[in-house]
There are 2 protein chains.
Amino acid sequence: MKPIQLKHAYRLINHGPVVLLSAEHAGMRDIMAVAWNMPLDFEPARLLVVLDKTSNTRKLVEGSGTFGISIPTRSQVNTIMSVGSISASELPSKDKFLHWNLATTPATHIQAPLLNESVGWLECKVINEPHNQSTYDLFIAEIVAAYADERVFSNGRWHFDDHEEMRTVHYTSGGSFFTTGSSFHIDKKTV
Amino acid sequence: MKPIQLKHAYRLINHGPVVLLSAEHAGMRDIMAVAWNMPLDFEPARLLVVLDKTSNTRKLVEGSGTFGISIPTRSQVNTIMSVGSISASELPSKDKFLHWNLATTPATHIQAPLLNESVGWLECKVINEPHNQSTYDLFIAEIVAAYADERVFSNGRWHFDDHEEMRTVHYTSGGSFFTTGSSFHIDKKTV
């Protein structure tokens with residue numbers, strides 16, 4: 001994973017992939033799947049996520065004021081479904097990372113475990129907006145560091161063509177996904 | 001286009017496609033591309049869009065309190081780039097619909113032109129949140145009607161396999177897109 005410019009961080013999620021959100025607080029850590037995520041601004045780099053009130057990971061986000069985003073691939077779909085459909089409280093160890101042997105790397109600018117084998121990482125600090133958080137479960141955050149796997153993202157661009165299993169994925173509902181498909185380019189229009 | 005249940009409306013955009021947003025107010029109409037859109041809630045069905053302050057379409061949204069979302073396809077990418085990169089003020093007619101011969105259908109529950117040949121339509125009423133709108137260019141809206149092309153969306157599911165040119169598309173940056181790729185299903189996990 002290589003650092004990428006913060007002004008390019010939005011490009012990791014601009015195409016709408018499902019992401020994994022992890023957080024750490026007071027000796028606890030957790031991770032969840034988040035389909036409802038999107039960029040909010042370029043500079044400062046900001047993003048939005050929707051985190052349900054019942055989620056344990058949200059409690060850790062509220063406690064620490066920070067979270068990590070890992071952008072998973074086609075080869076990690078079982079992990080996406082596992083961490084997305086089961087609560088840590090249902091597990092004997094009460095820890096999703098231990099239960100599913102999820103290898104992680106510590107974030108650099110915040111405290112959060114980032115998932116290995118993902119193709120992008122975003123380190124985020126929550127911008128406190130209590131009304132949005134309580135009324136809409138909506139969290140606004142600033143991206144303070146960003147990394148991408150240079151095999152599939154370099155010079156500010158995704159390029160999955162030689163790495164089918166590293167393609168990102170898009171969630172619809174009920175366990176159904178789309179793989180990120182073929183890329184194409186359209187020149188900017190003039191009148 | 002057939003009406004779909006409002007509780008399924010989020011599924012039209014859950015996978016993160018770029019959409020076209022249109023609005024009408026005081027005899028003016030306009031349309032723009034919006035990559036930054038996502039669902040916010042199931043019931044009531046709500047969504048989020050980011051609309052830059054310089055956009056003329058945003059002014060019409062602010063005036064009318066409503067907007068339409070049309071979900072374009074692979075075959076409409078030139079329209080996406082045209083309406084997304086050129087302002088109506090640059091056009092001789094000052095009207096994107098006239099300039100590019102965009103055929104539309106009137107919305108049913110609000111006043112807005114919906115783009116023909118799209119595979120989904122959402123009719124939306126803005127939920128007034130002045131702080132989000134002024135600070136973040138962020139608009140929250142309730143979806144009051146939803147329609148989809150039954151050739152590619154039925155029983156609450158997308159199914160593009162027999163309709164390659166009707167696949168939705170995902171924007172990255174600088175004129176680069178991904179087509180919505182192959183679908184797959186993962187069973188919900190149990191511990």
Side-chain angles (χ1 to χ4, degrees), chain A residues 8 10-11 13-18 35-41 46 48 50 74 77-78 80-86 90-92 99 129 131-132 135-138 140 156-158 160 167-191, chain B residues 8 10-11 13-18 35-41 46 48 50 74 77-78 80-86 90-92 99 129 131-132 135-138 140 156-158 160 167-191:
Chain A
H8 289 167
Y10 78 95
R11 298 183 184 180
I13 58 169
N14 208 74
H15 61 304
V18 61
W36 294 357
N37 71 85
M38 71 172 179
L40 178 63
D41 210 343
R46 289 175 174 158
L48 294 171
V50 178
R74 183 71 179 82
V77 290
N78 282 304
I80 300 171
M81 278 307 282
S82 296
V83 305
S85 51
I86 296 170
E90 300 172 64
L91 302 174
H99 189 80
E129 289 283 1
H131 170 67
N132 283 331
T135 306
Y136 300 111
D137 294 340
L138 178 65
I140 298 176
R157 300 262 178 251
W158 286 113
F160 295 116
R167 284 184 185 272
T168 52
V169 295
H170 306 259
Y171 191 62
T172 55
S173 63
S176 291
F177 294 78
F178 289 111
T179 305
T180 300
S182 53
S183 62
F184 61 95
H185 184 87
I186 306 287
D187 284 330
K188 277 217 174 189
K189 300 301 172 187
T190 50
V191 177
Chain B
H8 289 165
Y10 77 96
R11 297 182 185 180
I13 58 169
N14 208 73
H15 61 303
V18 60
W36 294 357
N37 71 84
M38 72 171 178
L40 178 63
D41 209 343
R46 288 175 175 159
L48 294 172
V50 178
R74 182 71 179 83
V77 291
N78 282 304
I80 300 171
M81 279 307 283
S82 297
V83 305
S85 52
I86 296 170
E90 300 172 64
L91 303 175
H99 189 80
E129 289 283 2
H131 171 67
N132 283 331
T135 308
Y136 299 112
D137 295 340
L138 178 64
I140 298 176
R157 299 264 178 250
W158 287 112
F160 295 115
R167 284 183 185 273
T168 52
V169 295
H170 306 258
Y171 192 62
T172 55
S173 64
S176 291
F177 294 79
F178 289 111
T179 305
T180 301
S182 53
S183 62
F184 61 95
H185 184 86
I186 305 287
D187 284 330
K188 276 217 172 186
K189 299 300 172 187
T190 50
V191 178

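As the structure is a computational prediction, the values presented were derived from the model and not from experiment. Quick note on labels: first sequence line is chain A, next is B, and so on, each numbered from 1.
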[atom1]/[X] to [atom2]/[Y] distance, rounded to the nearest 0.5 angstrom?
{"X": "B:Asn132", "Y": "A:Tyr136", "atom1": "CG", "atom2": "OH", "result": "7.5 Å"}
{"X": "A:His15", "Y": "B:Thr179", "atom1": "NE2", "atom2": "OG1", "result": "12.5 Å"}
{"X": "A:Thr168", "Y": "B:His170", "atom1": "OG1", "atom2": "NE2", "result": "9.0 Å"}
{"X": "A:Leu40", "Y": "B:Asp137", "atom1": "CG", "atom2": "CG", "result": "8.0 Å"}
{"X": "A:Leu48", "Y": "B:Leu48", "atom1": "CG", "atom2": "CG", "result": "6.0 Å"}

Determine the minimum heavy-atom distance between [X] and [Y], stating which atoms define it.
{"X": "A:Lys188", "Y": "B:Ser85", "result": "CD-CB, 4.3 Å"}
{"X": "B:Trp36", "Y": "A:Asp41", "result": "CZ3-N, 3.6 Å"}
{"X": "A:Thr172", "Y": "B:Asn14", "result": "O-ND2, 2.9 Å"}
{"X": "B:Ser173", "Y": "A:Arg157", "result": "OG-NH1, 2.6 Å"}
{"X": "B:Ser176", "Y": "A:His185", "result": "OG-ND1, 3.2 Å"}
{"X": "B:Met38", "Y": "A:Asn37", "result": "SD-N, 3.2 Å"}

Check your understanding: Do A:Arg167's NZ or CZ and the ring of B:Phe178 fall within the cation-pi criteria of under 6.0 Å and 45°?
Key -> no

Study note, to complete from the structure: Comparing A:Ala35, A:Pro39, A:Ser82 against chain B, the one with the most heavy-atom pairs below 4.5 Å turns out to be A:Pro39

Is chain B contacted by the side chain of [X], its backbone, both, or neither, given a heavy-atom distance below 4.5 Å?
{"X": "A:Val169", "answer": "side chain"}
{"X": "A:Ile186", "answer": "both"}
{"X": "A:His131", "answer": "side chain"}

Check your understanding: Among B:Gly181, B:Gly16, B:Gly84, which residue forms the greatest number of heavy-atom pairs with chain A at distances under 4.5 Å?
Key -> B:Gly181

Practice item. Heavy-atom pairs under 4.5 Å with chain A are the metric here; pick the option from B:Arg46, B:His8, B:Glu129 that has the most. Key: B:Glu129

Point to revise | Partners passing ring pair (Phe, Tyr, Trp, His ring centres under 6.0 Å) against A:Tyr10 (at least two apart in sequence or in another chain) | key: A:Phe42

